[in-house]
Structures are given as C-alpha cells and as structure tokens.
Amino acid sequence: MTLDDIGHVAVLGAGTMGHGIAEVVALAGYDVTMRDIETEFVEAGYEDIEWSLEKLDGSGRLGESPDDVLARIETTVDLESAVSDADFVIEAAPEELEIKHGVFEALDEYAPAHAVLASNTSSLPITDIAAATDRPDSVVGTHFFNPPVKMDLVEVIYGERTSDETAETASDFVESIDKTPIYVRKDVRGFVVNNVLGPFVEEAAWMVSEGTAEIREADATMVHEREYPMGPFELGDLTGIDVSYRVRVEAERPVPPILESKVDAGAIGRKTGKGYYDYGSDDGANYTPEDASEAFDWLRIEARMSNEAAKLIGDDVATPEAIDTGLRLGAGFPEGPCRRADGIGLDAVLEKLDALYESYDEDRYNVSPYLRELVESGRTGKAAGAGFYEYAETDGGTGTEERGVFHEIEVGDTDVTDGRTITGADVTNFAGVSGDFNHIHMDEERMRESIFGERIAHGMLVLSAATGLIWQYRSLEMRDAVVAFYGLDDLRFRKPVYTGDTIHVKMEVVETTPRPDGPGNGTVTFALEIKNQRDEVVISCEMTSLLK
C-alpha cells in the first residue's frame, strides 16, 4: 500500500476533530466519506465544514469554490458503506478505548484488506486500539491537532506491530494533505508533543503551589522574556485544567495542589469562565510585560522539558528534529526544546535537574540517561560544537577569519527553513509593541468572532518572525554569525497571513562581498521568499547582512 493507491478516504466521526479532518482531506483533493452514529451529528459536522469553507473563500485562502470541495464529501451513518471501498480510514471517535475497539472490530470486517486503519487518538495507546483487529500491522496513529484546518502538525505513531509500510504510507498521506508529519516510533503515553509540553504547565503549577512564584509572574516571564506564545497558566485555562488533572491521575503522577484545588472548585478554565484567571468580571489572562521577573526560575521549567525530550531520544521514540518540529508546529514554541537546550548548555540543564532532585527527591527530576551521557561525553551544546545537534565551528582558534560562516556560503546556495506558526499571541504582542491597530491590517469580521480577534498578521510581524527563522537556521548557523543587519530591498507584501498560518523561508544567496577590514568576514545578500503552508509566496525581498 502506497500513497498512489489512496483515492477514497473515510473519516469516522463528525465532531470537532472529525469534520475538521474531513475538510482538510477534501481540500487536498481526495474523495471523503464522513460517518457518525447519528444523522444529526453528521449534519452538524457538514454544516461546520460549509461554514469553514465559506470563511476560507471569503478571506481568499481557497483555490476553488466551496461547492467544488463539498462535492468531494459524502456523509452517512452506515459504517459498512463508509469504509467498504476506503483506501485510508481515519477514526476520530470519542477517547474511550471501548468505543474505539468497537469501531476497529467493524473495520476488520468491512474495510478492504489493503486499507490503512488510522486512529486520531490523542492519548490512547495505538497498540491497545490495534488489539481489536486481526491486522495490527495496518493500524497506525495519526494525531491531528485542533483545529485541523489551521494546525500544521500530525504525529504519525507506531503501535507495537505497525509495519514500516503502513507508517510510511500514513506519513506520505499527511504530506499530501499539506500537513507536516513527525514519526513517533514507539507507542508511549502522550506521544511526543504532550510529553514534552507537560512540564511547561506542570512545573509552573508546582512552583506556584510551593509559594516560589506567582501566576502572572510565571506567564509574563515565559511569554515576554522566554518568547513562548502563551504562559503556562493561560495555556492551562485554554486546554482545560480538568484535562491536565485527569492525565496526571490516570498516569498515577502527583498532582500540583493548585491544580487540584481548581478542579475541586469547578474553576477549570475558559469553558467555565474561571480558572487561573477570571474570564467573566476580569479581563482574563491580563498579565503584562511588567509582571515578568528576573527572579522567576524559568530554567526549572525548560530543564524539565529538555529532559523529557532526552528521554524520547534515548528511548528511540523520536529524533531531535521531530521533537523540535512537533513543539514548534503543535505548540507554537519559538524554537524546539532540543535546539533551545543546546543554546542554554546541556551541562547547565543537567546541573539544574540534579539540584532539583537533591532538593525535592521527586521522580520528575530524574535525569534521562541519554542527557547525562551527552554531557559526560562533552556534547554540552552549541558552545561545545555538539549537543542534541552537531554545530559547525564558527569562531575560535587560529585562522578564524577563513573559518566563519561567511566563507561557507556561495552564490546560488539555496535553503529552506523550518516552519513557524503565527499565533494570536504573536499578533497581540506585536501590536502592543508597535501600536499598530490600523484597520487595514485586520479582517474585522474574523476579529469579532474569535477570542484573539483573529487579526490578520501584520506584514512586518510576519517578516520579523521569518527573520527569526533565518537567524535560527541550523545549516548556516545564522544566529551567532550575524554581526550587523544592513536592510531590505525590493520588499513586497503579496498575500495576507492569518493567525494559525505557518510560514517558512526559501533563501537563495545572490551576492557575497568579502570585508577585509573591521568586524565580520563579509556581506551576504539573500533573495527571500516567505511562504505559507500552501507554498504561496506572501512576502518577497532581498536581505543583506554582515556575517562572521
């Protein structure tokens, strides 16, 4: 079974995730059958797709008419007819193993023998789901992120008996619907993103519970100083405090007292109007840059995330590249935790974890053997030339002037950066800094309908985010190589970028000029094309910088 064999896709479930996945698949040109157990569920899901397509069309982001996309979507309540000629099945039923077992038992009977059977589960083991079939080698996880139309990431998860052919076909299919897959090669609880993201919320909650930090202080520091798109407590309110609580209870992990007290009080976040913040009488998550504090121990949080990443790598669950891509696209992180840990220094991360374990004697601070191995072998991060990643040498030693990044670049060199999703927090923070609330840069109808206002991301914000991608780009080591920024030429803003869109940068070297005197080795001019997730050029320009 390969991608070329996929023509008809069945999506089982018409709820928030199901109808979103069905829409994404139809947008990519596939024929889709969306099925749910009740006619009213199917009709509601179809209406949501109609609404979404009209919004996409109205904003100029649909390359064909909504009717053309809808013509590729059929609906039914009959499971057998939905899957009898399906080449790829995506189950999006409620997160209860008994329900999913019932679905997969039926798929064993009704789906073609060649079909890939995928589950959109966000928490249940793929191995347990596959146990309901006589073909576990054909069962794979495809964990989409909510909302599927906007979120670029899909985790492709192996069960214990998932074949490489099945996983590779699933990954190719994900790419064919304009999403970015990452492999989760072992069936671990929480997969990749939720495993690494967990300490972001949890450790902050422990710090507040023990009285060493305040809620606004934690959120403001992580957003305004560490550049995360949302603070840990704001994120907890958004995803649901009860969800975090249930995950920890089911995993038999200690629960931070502040989290437990919120659940006991029924104040579980935005959905109840009150959680860590009050969304009724107050302004919700109303922390400001002034709430940030140098005393807040952000390394305690980031060290734990780095440690979780190291566990996944050491256990051959995922690569550093997959983890970093997952957290950037799935959680909106400014850079991946592996790349960030290398910048901090893995020795500093290890020292922090060891100190925390000595102070608290809690399992969550146990250092991953892989992390300790890296440090003991001298792979302590970027400054050492290697950590989770290998780094090109850009300075130090004799002959530095001929070994800088500048001398590794030739005219015609072309590279593409990783992606970065523009978040509502990006737009809010940028507007707050620039004072730019000009209606020209807003889609006012979308703004009225969203918690973030869904402002169109201002062109300069997108350019700023794209520049950050370039500075971080690993093959050129731009972040430490830039001595001075000379400016932009021929700048063109070609298309709007909306919150939820993902950008990447295609960069081609068009000119290099050595600099015999003064700081830096020479100037490099790049022709840039900033593209969205549909590979459309949204900004083009030339950028000149002085590099080492």
Side-chain angles (χ1 to χ4, degrees), residues 6 8-28 30-52 72-84 86-108 110-111 115-126 128-130 132-133 138-157 159 162 166 169-171 173-174 176-179 181 184 191 193-194 239 243 330:
I6 300 174
H8 180 211
V9 179
V11 177
L12 307 182
T16 300
M17 294 303 295
H19 75 69
I21 294 169
E23 179 182 356
V24 167
V25 173
L27 281 167
Y30 289 99
D31 292 326
V32 188
T33 299
M34 182 175 68
R35 181 261 181 185
D36 213 316
I37 58 174
E38 299 287 349
T39 301
E40 62 184 285
F41 299 157
V42 175
E43 290 177 347
Y46 191 83
E47 289 172 1
D48 285 337
I49 294 174
E50 288 181 305
W51 177 87
S52 176
R72 294 194 287 271
I73 302 174
E74 294 183 353
T75 61
T76 184
V77 295
D78 184 74
L79 179 58
E80 181 177 1
S81 66
V83 304
S84 60
D87 306 303
F88 200 101
V89 180
I90 305 173
E91 167 271 313
E95 285 288 277
E96 295 181 25
L97 186 59
E98 185 177 351
I99 293 175
K100 293 185 186 292
H101 272 175
V103 171
F104 277 81
E105 286 171 2
L107 290 178
D108 226 16
Y110 299 133
V116 170
L117 309 181
S119 175
N120 181 55
T121 182
S122 60
S123 60
L124 297 174
I126 303 303
D128 290 353
I129 294 171
T133 77
S138 297
V139 179
V140 65
T142 51
H143 177 211
F144 288 74
F145 284 70
N146 190 29
V149 173
K150 288 186 176 183
M151 298 299 285
D152 194 44
L153 181 71
V154 179
E155 293 178 309
V156 176
I157 307 132
T162 303
T166 295
T169 299
S171 180
F173 173 74
V174 167
S176 78
I177 60 173
D178 295 325
K179 300 298 178 185
V184 183
F191 311 141
V193 173
N194 287 336
T239 58
V243 175

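For the numbers below, each heavy atom of this structure counts, side chains included, while hydrogens, waters and symmetry mates do not.
Nearest approach of Asn194 to Ser122, heavy atoms of both residues: ND2-O, 3.8 Å. Contact detail for Val156 and Ala170: the closest heavy-atom pair is CG1-CB, 4.1 Å. Nearest heavy-atom pair across Ile99 and Ala93 is CG2-CB, 4.0 Å. Here the shortest heavy-atom pairing between Met34 and Val42 reads CE-O, 3.8 Å. Heavy-atom minimum distance, Ala118 versus Phe104: O-CZ, 3.9 Å. Between Ala10 and Ala86, the closest heavy-atom pair is CB-CB, 3.9 Å.
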Quiz prompt | Step-by-step side-chain contact (heavy atoms from CB on, under 4.5 Å) determination, Ile6 to Thr169 | solution = CA-CA 9 Å; Ile6 300 174; Thr169 299; 3.9 Å; yes
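Proximity of Leu12 to Val89: side-chain heavy atoms (C-beta onward) are separated by under 4.5 Å at one or more points. When side chains are defined from C-beta on, Ile126 does not count as touching Val140, because their heavy atoms never get closer than 4.5 Å.
No side-chain donor-acceptor contact under 3.5 Å links Ser84 to the backbone of Tyr110. Looking only at distances, a side-chain donor or acceptor of Asp36 sits under 3.5 Å from a matching main-chain atom of Ala14.
Between Leu79 and the options Val83, Thr76, Val77, a side chain to side chain contact (heavy atoms under 4.5 Å, CB included) holds for only Val83.
When the shell of 6.0 Å around CD of Glu50 is examined, it contains more than 12 heavy atoms from other residues, nucleotides or ligands.
Here CZ of Phe88 is found 8.0 Å from CD1 of Ile177. Values are rounded to the nearest 0.5 Å. To the nearest 0.5 Å, atom NE2 of residue His143 and atom CG of residue Leu153 are 8.5 Å apart. The distance from the OG1 atom of Thr33 to the CD1 atom of Ile73 is 10.0 Å, given to the nearest 0.5 Å. Interatomic distance, Thr133 OG1 to His101 NE2, rounded to the nearest 0.5 Å: 9.0 Å. Distance check: His8 NE2 to Asp87 CG gives 8.0 Å after rounding to the nearest 0.5 Å.
Aromatic ring centres of Tyr30 and Phe173: separated by under 6.0 Å.
By the side chain to side chain donor-acceptor pair (under 3.5 Å) test, Lys100 is found to be paired with Glu91, Glu95, residues two or more places apart in sequence or in another chain being considered.
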Side-chain donor-acceptor distances from residues 16-28 under 3.5 Å, at least two apart:
| from | atom 1 | to | atom 2 | distance (Å) |
| --- | --- | --- | --- | --- |
| His19 | NE2 | Asp48 | OD2 | 3.4 |
| Glu23 | OE1 | Ser52 | OG | 3.1 |
| Glu23 | OE2 | Ser52 | OG | 2.7 |

